[in-house]
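All heavy atoms count here, side chains included; hydrogens, waters and symmetry mates do not. To find a chain, count down the sequence lines: A is the first, B the second, and so on, and within it residues start at 1.
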Amino acid sequence: MLLIDLARTSAAVAADSARLAKIRHLAELLGRVGPDEAETAIAYLSGELPQRQLGVGFASLRDLPEPRLAATATLSRVDGLLRRIKAQSGPGSQAARKALLDELFASLTRPEQTFLSRLIRGELRQGALDGVMIEAVAKASGAPAAEVRRALMLRGWLPAVGAAALSGGVEALRAFTLEVGRPVSPMLAQSAPSVAAALERIGGPAALEWKLDGVRVQAHRSGDAVSVFTRALEDITAQVPELVEAVRALPLTDLVLDGEVIALRPDGRPEPFQVTSGRVASRTDVARARRSTPLSVFFFDALRVDGADLLDLPDDTRHAELARAVPAELLTPRLVTGDVARAEEFFGDAVRRGHEGVVVKSPGSPYAAGRRGAGWIKVKPRHTLDLVVLAAEWGSGRREGRLSNLHLGARDPAGGFVMLGKTFKGLTDELLAWQTERFLALAEGPADGWTVKVRPELVVEIAFDGVQRSSRYPGGMALRFARVVRYRPDKTPDQADTVETVRSLML
DNA sequence: TTCCGACAGTGGGGTCGCAAT
DNA sequence: ATTGCGACCCCACTATCGGAA
């Protein structure tokens, strides 16, 4: 199959806003692709590369060679060149990558270049990723979408699952099972504004657990072989020896456990997320990193205990199995209650101890791998500040032509404003239109084509999760997960919150 | 007919490791 | 030694479609 076939299908998918139409376009192409190219086609059309990452990003794709006029590149040829690009390493590798990239792009027509460039950057923007591709695979193969989805959660890689479905139908999909040593897409949580709201949504007694601000881990053990994966299914076994040892020390030898690793201070309070994250990312001298920043692990779920798969069992049953496999000190603190007051007390206690909040779990829910099901609901405290808009950046995609990303400043009592970060979240289309007009009227200083500086006159209420240390911003601090709540036309900039107020929240 | 679950898109800050400068 | 880049850790929120109610 030719790359141009995929580029055309992708364009058709992007042109139709209806999901069912997108599915039809994708399924039609999947019906034509041969078995040896099915995996590549499914990957490309769901916005993934079979190589996962290439070492090529936005910067390497800035100036591309002139396109050709005739479309002749096959999927196999493109895939082969991408494989060679990924394989480059060591001194001279960046030049070698660039040379291969130029060779590849010089063999493509303009629409192919556009498609592949977006794909490599991870910005296909055709309105179809895994969720839509699952339906397309189901339609093209005749297998129920639920079977495709289940195989995906067990295998973690849709192109492989889709190719199997196309060649072997439902039978092939059922061959995907939970395999120790191969990560499963982790279950995700929805969020709620309060514990009461979360309990209400679950509608009855629920299990509450501390939400630790660390890195999600899935630990597998078969005999003495232990492996550890992140939320995105990256293998981090070598970076977390403490966790490997802890799992190896358990009495049961056939396990898949779900939990969180976190760096704790000697007094038991959590280190800032930055510390845990940096420790987990350290690869070059793990022994040294371990001495300076030891990790603790807390488990909250079990997908397999003593050789038995638990995915389809209710949460309370899985937790009972977890408690059987793991000593109490490795369990995430948990309270089962239907009482709102007790639940709120548990939440308050977790937050006072420095943790992020709680996750409220429905006791009857199975492990909904890879989905943000209603079974888990996270609750975190929300802070707000009234800040001043210092500038805005032009948006992209559906925000093209709108001023989108806001630069936020706190008032400096000595005069002026100190930038604390940016946000694009929380804005409705109506607000985007309004602020674009308003900012252009307030514009000042030279425009660089990307950022519009504005006179600091607009006060905006910003919600955020916390204040973190920053080397990027002049005040030495930045907001975590900042989002717009509303504009405050009733406030003037001299009524905005001060840098001191923000600093007092950094503790 | 209305409601709501699931998805995709639009970007945020921080850190590490590597190659180039 | 420093800088730029890519990859990946954490993520919130809105708009939209289409099946459920």
Side-chain angles (χ1 to χ4, degrees), chain A residues 14 16-23 46-47 52-60 62 88-97 120-135 149 188-191 211-217 230-234 236 239 260-261 272-285 289 356 368 370-374 378 380 382 393 395-400 402 404-408 420-432 462-473 477-485:
Chain A
D16 268 314
S17 67
R19 284 182 80 235
L20 292 176
K22 292 177 190 290
I23 291 164
S46 56
R52 298 247 187 191
Q53 74 281 344
L54 295 177
V56 172
F58 186 80
S60 322
R62 260 188 298 236
Q88 304 302 316
S89 69
S93 61
Q94 278 186 19
R97 278 213 177 93
I120 291 172
R121 290 197 315 254
E123 296 179 346
L124 206 48
R125 301 191 205 202
Q126 61 177 12
L129 295 169
D130 273 12
V132 173
M133 183 56 90
I134 285 170
E135 303 287 339
R149 190 168 280 120
L188 306 175
Q190 299 182 348
S191 51
K211 186 176 192 310
L212 302 173
D213 194 8
V215 172
R216 182 83 176 266
V217 286
T230 64
R231 191 184 126 165
L233 313 188
E234 294 293 313
I236 54 162
Q239 287 133 262
E260 192 94 358
V261 283
F273 173 73
Q274 288 155 296
V275 174
T276 295
S277 169
R279 164 57 215 277
V280 171
S282 295
R283 281 168 284 166
T284 48
D285 191 349
E356 255 197 302
R371 318 195 78 183
R372 228 169 257 292
K378 59 183 162 187
K380 299 190 278 187
R382 193 188 74 158
E393 296 172 15
S396 61
R398 72 184 301 282
R399 292 191 178 189
E400 183 101 49
R402 302 286 166 87
S404 169
N405 201 2
L406 307 180
H407 294 201
L408 305 169
L420 291 173
K422 310 180 191 177
T423 185
F424 57 91
K425 295 170 181 161
L427 299 164
T428 60
D429 288 353
E430 192 185 355
L431 214 43
L432 282 164
I462 298 295
F464 61 100
D465 276 26
V467 181
Q468 52 191 352
R469 251 171 227 303
S470 171
S471 55
R472 175 181 316 204
Y473 291 109
M477 48 193 183
L479 302 183
R480 191 168 182 209
F481 309 143
R483 60 266 191 192
V484 172
V485 179

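Contact annotation: A:Thr276 side-chain N/O to C:dC9 OP1/OP2 distance is not under 4.0 Å. At C:dC11, one or more side-chain N or O atoms of A:Lys211 fall inside 4.0 Å of OP1 or OP2 (strictly under the cut-off). In this structure, A:Arg382 does not reach the C:dC13 phosphate: none of its side-chain N or O atoms is under 4.0 Å from OP1 or OP2. Between A:Gln274 and C:dC10 there is no side-chain polar atom (N or O) within less than 4.0 angstrom of OP1 or OP2. Within the 4.0 Å cut-off from OP1 or OP2 of C:dA12, at least one side-chain nitrogen or oxygen of A:Lys378 is found.
Going from atom CZ of A:Arg216 over to atom C1' of C:dC11 covers 14 Å, rounded to whole Å. A:Leu20 places its CG atom 4 Å from the P atom of C:dG18, with the value rounded to the nearest Å. A straight line from CZ of A:Arg398 to C1' of C:dC17 spans 13 Å, rounded to a whole angstrom. In this structure, A:Gln239 atom CD and C:dA7 atom C1' are separated by 12 Å, rounded to whole Å. If you measure from atom CZ of A:Arg483 to atom C1' of C:dC11, you get 9 Å, rounded to the nearest angstrom. If you take CD of A:Gln88 and P of C:dG6, they are 16 Å apart, rounded to a whole angstrom. Protein atom CD of A:Glu260 is 9 Å distant from nucleotide atom C1' of C:dC10, rounded to whole Å. As rounded to whole Å, 15 Å separates atom C1' of C:dC5 from atom CZ of A:Arg121.
When each of A:Arg469 and A:Arg19 is assigned the nucleotide of DNA chain B with its nearest heavy atom, A:Arg19 is the one assigned upstream, toward the 5' end. Along DNA chain C, the nucleotide nearest A:Leu54 and the nucleotide nearest A:Ser17 are compared for position; the residue whose nucleotide lies closer to the 5' end is A:Leu54. Each of A:Ala18 and A:Val484 was assigned the nucleotide of DNA chain C with the nearest heavy atom; the assignment lying further toward the 5' end belongs to A:Val484. Where A:Gln190 and A:Ser396 meet DNA chain B, the nucleotide closest to each residue was compared, and A:Gln190 sits on the side nearer the 5' end.
When heavy atoms are screened at a 4.0 angstrom cut-off, A:Ala482 is found touching no nucleic acid atom at all. In this structure, A:Ser60 reaches the sugar-phosphate backbone alone: every heavy-atom distance under 4.0 Å involves primed, P, OP1 or OP2 atoms, never a base. The residue A:Lys425 sits close to a base: some heavy atom pair falls under 4.0 Å. Within the 4.0 angstrom heavy-atom criterion, no nucleotide atom of any strand lies near A:Glu123. Within the 4.0 angstrom heavy-atom criterion, no nucleotide atom of any strand lies near A:Asp213. Nucleic acid contact for A:Ala128: sugar-phosphate only, since backbone atoms but no base atoms lie under 4.0 Å from a heavy atom of the residue. No engagement by A:Thr423 is indicated, since no non-hydrogen atom pair under 4.0 Å with the nucleic acid exists. At a threshold of 4.0 angstrom between heavy atoms, the contacts of A:Val132 are confined to the sugar-phosphate backbone, with no base atom among them.
The outermost nucleotides of DNA chain B lying under 4.0 Å from heavy atoms of chain A, listed 5' to 3', are B:dA6 to B:dA20.
Note: A:Thr276 OG1 to A:Glu260 CD = 8.5 Å, rounded to the nearest 0.5 Å. Rounding to the nearest 0.5 angstrom, the gap separating the OG1 atom in A:Thr230 from the CD1 atom in A:Ile236 is 6.0 Å.
Among residues two or more places apart in sequence or in another chain, the side-chain hydrogen bond (donor to acceptor under 3.5 Å, both in side chains) test is passed with A:Arg125 by A:Glu123.
The residues A:Lys378 and A:Glu356 are annotated as not salt-bridged, no charged nitrogen and carboxylate oxygen being separated by less than 4.0 angstrom.
Looking only at side-chain heavy atoms (C-beta outward), A:Val484 and A:Ile462 come within less than 4.5 Å of each other.
Of the residues A:Lys425, A:Arg382, A:Lys380, the one that meets the salt bridge (charged side-chain N to carboxylate O under 4.0 Å, His left out) test with A:Asp465 is A:Lys380.
The partner of C:dG19 is B:dC3, judged by Watson-Crick or G-U wobble contacts that both fall below 3.5 Å.
Contact between A:Asn405 and A:Phe424 at its shortest, heavy atoms only, is OD1-N, 3.6 Å. Nearest heavy atom pair, residue A:Arg480 against residue A:Phe273, reads NH2-CG, 3.5 Å.
The side chain of A:Gln53 lies closest to C:dA7 when the candidates are C:dC10, C:dA7, C:dG6.
Heavy atoms of other residues, nucleotides or ligands lying less than 6.0 angstrom from CZ of A:Arg469 number 12 at most.
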